[in-house]
Amino acid sequence: MRINWSCGRQLVSAQDWIQIRRVRGFHASTRQLTNSSLPRHQEANKENRSNTDEWTNITSTIERLTDRKLLSNPAHPLSILTDIIFSKFPEQEYTRANFPNPRVSVYENFESLNITSDHVSRSKTDTYYLNKDHVLRTHTSAHQVESFRDHPTPGFLIAADVYRRDEIDKTHYPAFHQMEGGRWWSPQGTSSVKELVAKINQDTAKIPVSEIKIIDDTLPFHDGNPKQHGQHQEVCIAITNHLKRTLEMVVGDIFENIALGDPSAPKEPLQIRWIDATFPFTSPSWEMEVYWQGDWLELFGCGVTQQRVFDRAGYPERVGWAFGLGLERLAMVLFGIPDIRLFWSEDPRFVEQFTPGVVSAFKPFSKYPGTYRDFAFWLKEGTIPEEFHDNDLMDIVREAAVDLVESVKLIDKFTHPHTKRNSLCYRVLFQSMERTLQNDEINVLQDSIRDSLKTKFGVELR
Ligand code: DAH
């Protein structure tokens, strides 16, 4: 099962979108932490990141991805997009922060953001744990507290690699990139709520109004998407207006840009819509979607930052907002890149196509033929299919075949009528973006996957 708690990483059809929303992980039921300020050492304790324990589930393939640093190449489409988005935010107001190391503490990734230990996103099937106290960050929000604490400007922007255990297909990859943004205001220097609201509204008035068509049926707040207890409603509304105006301006400008890249694209006004959402670190919260080539595409997750986040940053009096954006999904649309694995390609036909600062349409190069192989097996007696997680197989496949796998799908599942043993069958498509794979080569990969299935999960291959 895919637990999607992201603000945006896959391209989805309208129908998928409905399903994904139903299983989204950040539910209103999330319990709040009772302790508003966890010890600072939990955040700073970076020494024991390399210890392993029974929580360790990071594989060497993923480890290698952490060294790739795609954003350090200015001609990479993800960097081009990052730079374009950065350029929409005034530099004197938003610090560009760099967090090259994706290894963070459980405190930073989860607890500092009110994501409690019973939250589904913390499970070992969803997150890469280095050990019980450290993970590969699953989102750039992991750096919110320190960013709200450390920067000289009232705003910040972060672009970085993030990691989640996930299925493999054209739009999912266990490593991807996000951008995080945040903005705060302090009541210092104001003598009333009215003055604070006026200060925020003045900043909002400076943001250019976008020409795009905006569908916004959301309420400023309501029982299902509440304002924070103790926050004045006019402050909440003023922050929301600044947040929405900012993101509308960014999206309007970016999509104007691609229309330039593709002169045949119809010049219809761009449509976006706002919908209610739930995140443990914002309230109220929203998602922004853009209507693109017949589908609603989820872009931003955002909201009014929970006061507890500001408490932990050491500024309990501040108020503000934050957003998160999945970069691959947007880059796939803007550059017309059809497969998420291409971002990791070292093939010169990909790497040399792009120029810093320019959004250009991806020129496909020949696709090499793929080969299907099925893996059918009996689970250990007494194991039910739900105990074997798709992501367990994904990691085995990825470990053996790295980027030579196009997709993995569960195609059959049944229980033997007499023995009651359960059987699963997965179909794997082996395909290289760079060359034709030989049968012998696939046989070796297949054997290695079969061996790992036996040794790691004690299955009986059929
Ligand atoms: N971190 C969230 C995710 O990966 C996205 C997000 C939502 C970031 C709301 C934010 C925010 O800063 O305010 O799904």
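We're numbering straight along the sequence, starting at 1.
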Query - Separation between CG of Leu437 and CG of Leu445, rounded to the nearest 0.5 Å - result: 7.5 Å

Report task. State, without any angle test, whether His172 and Asp169 hold a side-chain donor-acceptor pair at a distance under 3.5 Å. Result -> yes

Report task. Could you tell me if the ring centre of Phe354 sits under 6.0 Å from that of Phe335? Result -> yes

Requested in this report: Count the heavy atoms of every other residue, nucleotide or ligand shown that sit under 6.0 Å from OH of Tyr372, and state whether that count exceeds 12.
Outcome: no

**Report entry** Pairwise side-chain contact, Glu63 with Leu136, heavy-atom cut-off 4.5 Å (strictly under)
**Finding:** no

Query raised in the report: Roughly how far, to the nearest 0.5 Å, is the CG atom of Leu327 from the CG atom of Leu334?
Result: 10.0 Å

Query raised in the report: Donor-acceptor pair, Thr419 side chain versus Arg421 backbone, under 3.5 Å?
Result: yes

**Report entry** Ser283 side chain vs Pro226 backbone, donor-acceptor pair below 3.5 Å
**Finding:** yes

Query raised in the report: Got His119 and Phe110 here, is their nearest side-chain heavy-atom distance under 4.5 Å?
Result: no

Requested in this report: Would you give the length of the straight line joining atom CD of Glu111 to atom CG of Asn109, rounded to the nearest 0.5 angstrom?
Outcome: 10.0 Å

Query raised in the report: Between atom OG1 of Thr138 and atom CG of Asp166, what is the distance when rounded to the nearest 0.5 Å?
Result: 12.0 Å

Requested in this report: Provide the closest heavy-atom pair for Cys302 versus Leu243 in the form atom of the first, atom of the second, distance.
Outcome: SG-CD2, 3.9 Å

Query raised in the report: So, Tyr426 and Asp412: side-chain donor and acceptor under 3.5 Å apart, yes or no?
Result: no

Query raised in the report: For Asn51 and Asn131, does a side-chain donor sit closer than 3.5 Å to a side-chain acceptor?
Result: no

Query raised in the report: Taking the six-membered ring for Trp, are Phe414 and Trp378 ring centroids under 6.0 Å apart?
Result: yes

Query - side chain to side chain donor-acceptor pair (under 3.5 Å) between Asn422 and His416, intermediate numbers included - result: CA-CA 6 Å; Asn422 289 301; His416 192 283; over 6 Å; no

Requested in this report: Applying side-chain contact (heavy atoms from CB on, under 4.5 Å), run through Ile115 and Ser121 and close with a yes or a no.
Outcome: CA-CA 8 Å; Ile115 304 169; Ser121 66; 3.8 Å; yes

Query raised in the report: Between Glu248 and Trp274, do the side chains contain an N or O donor and an N or O acceptor separated by less than 3.5 Å?
Result: yes

Report task. I would like to know whether Arg427 and Asp374 meet salt bridge (Lys or Arg N to Asp or Glu O under 4.0 Å); could you show each step before the answer? Result -> CA-CA 4 Å; Arg427 177 161 294 168; Asp374 288 351; 2.8 Å; yes

Report task. Answer yes or no: is there a donor N or O on one side and an acceptor on the other, between the side chain of Thr56 and the main chain of Leu130, under 3.5 Å? Result -> yes

Query - Nearest-0.5 Å distance that lies between atom CG in Leu330 and atom NE2 in His177 - result: 14.0 Å

Requested in this report: Using the test side-chain hydrogen bond (donor to acceptor under 3.5 Å, both in side chains), find all partners of Gln446 that sit at least two apart in sequence or belong to another chain.
Outcome: Arg373

Query raised in the report: Would Glu180 and Phe156 count as a side-chain contact (heavy atoms from CB on, under 4.5 Å) if you check the C-alpha gap in whole Å, the side-chain angles of each, and the deciding distance to 0.1 Å?
Result: CA-CA 8 Å; Glu180 191 84 8; Phe156 66 84; 4.2 Å; yes

Report task. Could you tell me whether a side-chain N or O of Ser79 sits under 3.5 Å from a main-chain N or O of Ala75, the two making a donor and an acceptor? Result -> no

Requested in this report: For Arg312 and Ser112, indicate whether the former's side chain and the latter's backbone hold a donor-acceptor pair under 3.5 Å.
Outcome: yes

Query - Residue pair Arg273, Glu287: steps toward the salt bridge (Lys or Arg N to Asp or Glu O under 4.0 Å) verdict - result: CA-CA 8 Å; Arg273 71 178 178 196; Glu287 277 162 4; over 6 Å; no

Query raised in the report: Any sub-3.5 Å donor-acceptor pair from Lys69's side-chain atoms to Pro100's backbone N or O?
Result: yes

Query raised in the report: Will you find, in the side chains of Ser345 and Glu434, an N or O donor that is under 3.5 Å from an N or O acceptor?
Result: yes

Query raised in the report: Is the backbone of Val444 close enough, under 3.5 Å, to the side chain of Ser448 for a donor and an acceptor to pair up by distance?
Result: no

Report task. Apply side-chain contact (heavy atoms from CB on, under 4.5 Å) to the pair Phe221 and Cys236, showing each step before the final yes or no. Result -> CA-CA 9 Å; Phe221 51 84; Cys236 175; 4.1 Å; yes

Query raised in the report: Which of parallel (below 30°), tilted (30 to 60°) and perpendicular (above 60°) describes Phe323 and Phe300?
Result: perpendicular

Query - Minimum side-chain heavy-atom gap Glu406-Arg341 below 4.5 Å - result: yes

Query raised in the report: Is a side-chain N or O of Thr282 found less than 3.5 angstrom from the main chain of Ser285, in a donor-acceptor match?
Result: no

Query - Under 3.5 Å side-chain donor-acceptor pair for Thr61 and Glu399 - result: yes

**Report entry** From Phe310, Trp184, Trp321, residue fulfilling ring pair (Phe, Tyr, Trp, His ring centres under 6.0 Å) relative to Phe148
**Finding:** Phe310

Query raised in the report: Does atom NZ of Lys213 have more than 12 heavy-atom neighbours from other groups under 6.0 Å away?
Result: no

Query raised in the report: Are the side chain of Asn57 and the backbone N or O of Thr127 linked by a donor-acceptor pair below 3.5 Å?
Result: yes

Report task. Go through Ser147 and Gln144 one step at a time and tell me if the side chain to side chain donor-acceptor pair (under 3.5 Å) criterion holds. Result -> CA-CA 5 Å; Ser147 300; Gln144 265 196 27; over 6 Å; no

Query raised in the report: Atom CG in Leu453, atom NZ in Lys456: separation rounded to 0.5 Å?
Result: 9.0 Å

Query raised in the report: When the ring centroid of Phe255 is compared with that of Tyr291, is the distance short of 6.0 Å?
Result: no

Requested in this report: Apply salt bridge (charged side-chain N to carboxylate O under 4.0 Å, His left out) to Asp347 and list each qualifying residue two or more places apart in sequence or on a separate chain.
Outcome: Arg349

Report task. Mind running salt bridge (Lys or Arg N to Asp or Glu O under 4.0 Å) on Asp161 and Arg137 for me, showing each step along the way? Result -> CA-CA 8 Å; Asp161 46 331; Arg137 65 184 158 220; 2.7 Å; yes

**Report entry** Cation-pi, Phe86 ring and Arg96 (6.0 angstrom, 45 degrees)
**Finding:** yes

Query raised in the report: Can you find a side-chain donor-acceptor pair between Thr66 and Arg103 that sits under 3.5 Å?
Result: yes

Query raised in the report: Taking the side chain from Thr455 and the backbone from Asp451, do they hold a donor-acceptor pair closer than 3.5 Å?
Result: yes

Query - His143 and Glu108: side chain donor to acceptor below 3.5 Å - result: no

Report task. Check ring pair (Phe, Tyr, Trp, His ring centres under 6.0 Å) between Trp55 and all other residues, then give those that pass, not counting sequence neighbours. Result -> Tyr129

Report task. Check step by step if side chain to side chain donor-acceptor pair (under 3.5 Å) holds for Tyr173 and Asp403. Result -> CA-CA 10 Å; Tyr173 202 72; Asp403 282 349; 2.5 Å; yes

Query - Residue among Leu297, Ile272, Ile215, Ile275 satisfying side-chain contact (heavy atoms from CB on, under 4.5 Å) with Glu289 - result: Ile275

Query - Criterion salt bridge (Lys or Arg N to Asp or Glu O under 4.0 Å) on Asp395 and Arg398, from CA distance to verdict - result: CA-CA 5 Å; Asp395 276 338; Arg398 215 177 266 130; 3.2 Å; yes

Query - Side-chain donor-acceptor pair present, Thr218, Lys244, cut-off under 3.5 Å - result: yes

